[in-house]
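Structure record follows, encoded as structure tokens.
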Amino acid sequence: MVAQSGYSCEPRRTCKQISSCDEAQWYLQNCSWGGKLDRDGDGVACEALC
């Protein structure tokens, strides 16, 4: 899946590979593996970026 944002669910990413909060949130909301970016389950991916 590629959205207008230019992000893609492939390949999978880790927080270290993500450069912005918006990008992290897109993965969380749109990719099957995105939940792994939200370690504490509060709905915010990669808290260090957001």
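Numbering starts at 1 and runs along the sequence shown. Given the structure is predicted, the values throughout are model-derived calculations rather than measurements.
Note: Ser32 OG to Tyr27 OH = 13.0 Å, rounded to the nearest 0.5 Å. Atom-to-atom distance recorded for Gln29:CD and Asp38:CG is 11.0 Å, nearest 0.5 angstrom. Separating the SG atom in Cys15 from the CZ atom in Arg39 is a distance of 6.5 Å, to the nearest 0.5 Å. With values rounded to the nearest 0.5 angstrom, Leu37 atom CG is found 8.0 Å from Thr14 atom OG1.
Distance alone, capped at 3.5 Å, is enough to place a donor-acceptor pair between the Trp33 side chain and the Cys9 backbone. A distance-only check finds no donor-acceptor pair linking the side chain of Glu23 to the backbone of Tyr7 [under 3.5 Å].
Transitive grouping of hydrophobic side chains (ILVMFWY, heavy atoms separated by less than 4.5 Å) keeps Ile18 and Leu28 in distinct clusters.
Across Ala45 and Gln25, no two heavy atoms sit closer than the pair N-OE1, 2.6 Å.
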Candidate pair Arg12 and Lys36, rule side-chain contact (heavy atoms from CB on, under 4.5 Å), full reasoning: CA-CA 10 Å; Arg12 291 184 180 205; Lys36 293 183 180 189; 4.1 Å; yes

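Disulfide check for Cys21/Cys46 fails, with the SG atoms at least 2.5 Å apart.
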